[in-house]
Protein chains: 2
Amino acid sequence: MTPPPRPTYTVIAQAAGVSEATVSRVLNGDESVHPDRARRVHEAVDSLGYRKNRVASALASGRSGLIAVVIDDDLSVFSDPFWGTVTSGVSRILSESGLHTVLMVSPVGLVDGGVAHYLKSGEVDGAIFFVLHSDALVNNLKKSGLPMVIAGTPHSSLDIPFVDTDNFGGAYAGTKHLINQGCEKIAIITGDIGTTAAKQRLDGYLQAFRETGKVPAKGLICEGDYSLASGMDHTRKLLEKHPDIDGIFASNDLMAAGAVTVLQDTGKLVPEDVKVVGFDDALIAQTTRPALTTIRQDVVALGEAAGTLMIAQLNGEDVQPIITTTELIIRGSA
Amino acid sequence: MTPPPRPTYTVIAQAAGVSEATVSRVLNGDESVHPDRARRVHEAVDSLGYRKNRVASALASGRSGLIAVVIDDDLSVFSDPFWGTVTSGVSRILSESGLHTVLMVSPVGLVDGGVAHYLKSGEVDGAIFFVLHSDALVNNLKKSGLPMVIAGTPHSSLDIPFVDTDNFGGAYAGTKHLINQGCEKIAIITGDIGTTAAKQRLDGYLQAFRETGKVPAKGLICEGDYSLASGMDHTRKLLEKHPDIDGIFASNDLMAAGAVTVLQDTGKLVPEDVKVVGFDDALIAQTTRPALTTIRQDVVALGEAAGTLMIAQLNGEDVQPIITTTELIIRGSA
DNA sequence: ACTACCCGCGAAACCGCTTTCACGAGGTCT
DNA sequence: AGACCTCGTGAAAGCGGTTTCGCGGGTAGT
C-alpha cells in the first residue's frame with residue numbers, strides 16, 4: 001500500500017552531476033550532449049531505476065504518446081474478430097515507436113460527441129478510424145490539425161491518409177471465380193452500403209459481371225449488413241424469387257456461412273446446386289461444411305499499415321494511401 | 001493546419017471574475033463554492049467553449065483517468081471475439097464514469113516487461129487483466145498499490161478483486177446434459193490448463209462424471225488450447241484411441257466446432273453417434289451443422305462487472321468478486 | 001592579437017491544472 | 001463585547017518534465 005516514490009530529474013541530475021536540462025536532453029536523444037556526460041546520465045538512470053513520467057512529459061512537450069483507435073460502435077464490431085485483429089496489428093506497430101494505443105468504441109456519428117471532444121482535447125497525438133459511415137467527424141477534426149488515418153476508404157476524397165483492402169479487386173476475383181465455375185445466375189449479398197468497402201465489393205462484382213456481357217438481373221443484388229442473420233434472410237428471399245440462382249457472392253464470410261446454411265436447409269447442395277464465395281477468410285470460413293471458398297485479406301497487415309502511416313505522419317513524412325492485396329482461397333463451396 | 005488555441009483557467013477566471021482556484025473547484029464539483037459564482041464559471045466555460053486539459057489535470061492531481069486493459073498476447077486472443085466483447089463491456093462502463101480505456105495486448109509473463117513498467121509508471125489509475133497464466137505480475141504490482149481487477153479467477157488466493165464466469169457450474173451442466181442424453185463415454189477437450197478457467201471447466205466435467213459413480217477413462221481428457229485446430233486434432237486422436245466415444249465436451253465453441261467437423265469427416269453422425277457440447281455460445285455455435293449445444297456465458301456482463309469493480313475500487317469501496325452465471329443452450333449437437 | 005562565431009550546458013520560465021494555506025467576514029457562545 | 005469558529009475564497013506553491021535564452025570558452029577568420 002506504500003506508493004513507492006519514483007525518482008525525478010532532480011535526483012538524476014544530482015547523481016550524474018549535470019543539470020536537469022541536460023538530463024532531459026540525454027533522455028530525448030539530443031545529440032549535442034558530450035558523450036561522457038550522456039553516459040553519466042544513463043548510468044544514473046539505470047542505477048536509480050528511473051522512469052520518465054509520461055504525463056509530465058506530455059504536459060511540457062505537448063505530445064502524449066497516445067494514439068486513439070476509434071471504432072464506430074455498431075455492435076457487430078466485436079462479434080467479428082476482424083477489427084480486433086486489425087487493432088492488434090496497429091498496436092504492435094505503434095508500440096515499436098513508443099506509442100500507446102487508446103481504444104475508443106462508441107458511436108462516431110456525432111460531429112460533436114464525446115469522442116470528438118476527447119480527440120480535440122489534445123490528449124492524443126493522432127487518431128485512427130475504423131468503419132466510417134460518414135466523413136463528417138473526420139472532416140471536422142481535420143481543421144484541428146490532428147494527424148489521422150482512416151482504415152477503409154473515405155467517402156469523400158479527402159486528403160487524409162487511409163489504408164484499405166483491395167475490396168474491388170477481391171470481389172472481382174471472387175465473382176470471376178464463380179463465373180469460371182460455370183455459374184450463370186449469380187447473386188450478391190452486400191454489406192452495409194453505407195460503408196465504402198461494401199460499395200467497392202459491389203462494384204467488383206458488377207465489373208466481373210459486366211465483362212461477361214450480361215447485366216445482373218434485378219433482385220440479385222441484396223443489401224445485407226455483414227451479420228449471419230442477414231446472410232440467411234437474404235438467401236431465403238433470393239431462393240423465393242429466383243429459385244434458379246446458381247451462385248452467391250457474399251461480402252463477408254459470416255453472411256456466406258448464413259447462405260450455406262439456408263441453402264442446405266432448403267435442400268440445395270453446395271457447391272453442386274449453388275456455389276458460394278465469401279470474403280475475409282475468417283475463421284468461420286473453415287468451419288462451415290463445405291468450407292468456404294473466399295477472398296482472403298491480410299488483416300494484420302492492414303493494421304500494421306495503418307500504424308505505419310500514422311507514424312510516418314507524425315514524423316512529418318509524406319504519406320500515401322496503402323491498399324493491401326487479396327487472395328482467392330478455393331475450398332469446397334465454389 | 002492552425003492549431004486553435006484553447007482557453008485556460010486564466011481566461012475563464014477572468015471572464016467569470018473569480019480566481020483560478022475557484023474555477024478548479026467548480027469544475028471538480030466542489031460543493032463549497034457559492035452558487036452564484038459557480039454559475040458565472042459555468043457560463044464562462046460554456047461561452048468560451050472551454051475544455052479541461054486532462055494531461056495537466058493528471059499531472060497536478062496524480063490521477064490520469066485512464067484504466068489499462070491488459071490482455072496476455074497469445075495470438076488466439078483476437079481470433080476469438082470473446083475478449084473483444086468483454087473489452088467493449090468494460091469500456092462502456094468506464095466511460096460512464098469519465099474514465100478511458102487503454103488497451104494493451106502483449107506478453108504479460110514477465111514481471112519486469114514493458115507492460116509492468118508502464119503500469120508502474122503511474123500513467124494509469126488502474127488495470128484490468130485478462131487471461132492470466134500466472135499471478136506473478138499482479139502480485140508484484142500489488143505492492144505498488146495500483147487498483148487492479150482480474151477477469152478470470154486468479155491462481156493463488158490473492159485478495160485482488162476478480163470477475164469470472166461460473167466455469168465450474170457451466171461445465172458441470174454441459175457434461176450432465178451429455179450424461180442425461182445417454183452418453184457413457186464422454187471425452188473433454190480442455191483449454192490451456194495454464195488458465196484457471198480451463199481447470200475449472202475440467203473440474204466441472206469431472207464432478208458430473210463422478211456423480212455417475214464412474215471415473216473418466218484415461219485418455220478421455222485432452223488438453224487443447226481453445227483453437228479450432230486443437231479441437232480437430234484432439235478429436236482425431238480421440239477417435240483413434242477410443243472409437244466408441246459417444247460424447248465430447250469441448251471447453252469452447254471453437255474446439256467444439258472442430259470436433260464436429262472431424263467427426264463428420266470420419267463418417268460419424270452428430271448427434272446420433274457422438275454428441276458434442278461447447279462453451280461460450282459464440283456466434284460460431286449457430287453456424288455449425290448441426291448447431292452447437294453449448295454453455296452460454298454473458299460476456300458483456302462479465303466486462304461490465306470488471307468495470308464496475310474497478311470503479312468501486314477507485315472510490316475506495318469494499319469490493320467483492322463477481323461470478324456471472326451460465327446457461328445451457330440446447331441446439332442440435334447434443 | 002582581436003573580433004566574430006559556434007557549441008555545450010545550466011538557469012529559469014513555463015505547460016495548465018490542483019491543492020494547501022491563510023485571511024477576512026460573518027456567526028456563535030459566554 | 002471579546003474570544004473562538006466556520007466558511008468561502010484567492011494567492012501561491014507545486015506536479016515533473018521541456019525548452020528558450022544566454023553565458024563562457026574554444027575555434028576560426030583577418
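Each chain gets a letter, A, B and so on, in the order its sequence line appears, and its residues count up from 1.
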Classify the side chain of Arg54(B) and the base of dG16(C) as holding, or not holding, a donor-acceptor pair under 3.5 Å.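 Per atom types, no contact qualifies.
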Does any N or O in the side chain of [X] come within less than 3.5 Å of the main-chain N or O of [Y], such that one atom is a donor and the other an acceptor?
| X | Y | result |
| --- | --- | --- |
| Thr324(A) | Asp298(A) | no |
| Asp192(A) | Gly194(A) | yes |
| Arg6(A) | Arg51(A) | yes |
| Gln313(A) | Met148(A) | yes |

Flag for Ser156(A)-Asp135(A): side-chain donor and acceptor within less than 3.5 Å: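 Yes.
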Does [X] place a side-chain N or O at less than 4.0 Å from the phosphate oxygens OP1/OP2 of [N]?
| X | N | result |
| --- | --- | --- |
| Arg63(B) | dT19(C) | yes |
| Asn53(A) | dC15(D) | no |
| Ser57(A) | dG16(D) | no |
| Tyr50(B) | dG16(C) | no |
| Thr8(A) | dG16(D) | no |
| Thr22(B) | dG10(D) | yes |
| Ser19(B) | dT9(D) | no |
| Arg37(A) | dC9(C) | yes |
| Ser24(B) | dT18(C) | yes |

Counting side-chain heavy atoms from C-beta on, which of dG8(C), dG10(D), dG10(C) comes nearest to His34(A)?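 Shortest atom-to-atom distance from the side chain points to dG8(C).
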Which nucleotide sits closest to the side chain of Arg25(B): dT9(D), dT20(D), dT18(D)?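 Of the options given, the side chain of Arg25(B) lies nearest dT9(D).
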Assign [X] to base, sugar-phosphate, or nothing according to its heavy-atom contacts below 4.0 angstrom with the strands shown.
| X | result |
| --- | --- |
| Val33(A) | sugar-phosphate |
| Val23(A) | nothing |
| Val55(A) | nothing |

In whole angstrom, give the distance that lies between atom [atom1] of [X] and atom [atom2] of [N].
| X | N | atom1 | atom2 | result |
| --- | --- | --- | --- | --- |
| Arg51(B) | dC15(C) | CZ | P | 20 Å |
| Leu27(B) | dT18(C) | CG | P | 7 Å |
| Asn28(A) | dT19(D) | CG | P | 7 Å |
| Tyr9(B) | dA13(D) | OH | P | 20 Å |
| Leu59(B) | dT18(D) | CG | P | 12 Å |
| Glu20(B) | dT18(C) | CD | C1' | 11 Å |
| Asp36(A) | dC7(C) | CG | P | 19 Å |
| Ile12(B) | dC17(C) | CD1 | P | 9 Å |

Pick the nucleotide of DNA chain D nearest each of Ser61(B) and Gly17(B); which residue has the one closer to the 5' end?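 Between the two, 5'-proximity favours Gly17(B).
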Shortest non-hydrogen separation from Pro154(A) to Ile150(A) and the atoms involved: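 Of all heavy-atom pairs spanning Pro154(A) and Ile150(A), the closest is CG-CD1, 3.9 Å.
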With DNA chain C as reference, determine whether Ala21(A) or Glu31(A) sits nearer its 5' end, using the nearest nucleotide of each.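 The answer here is Glu31(A).
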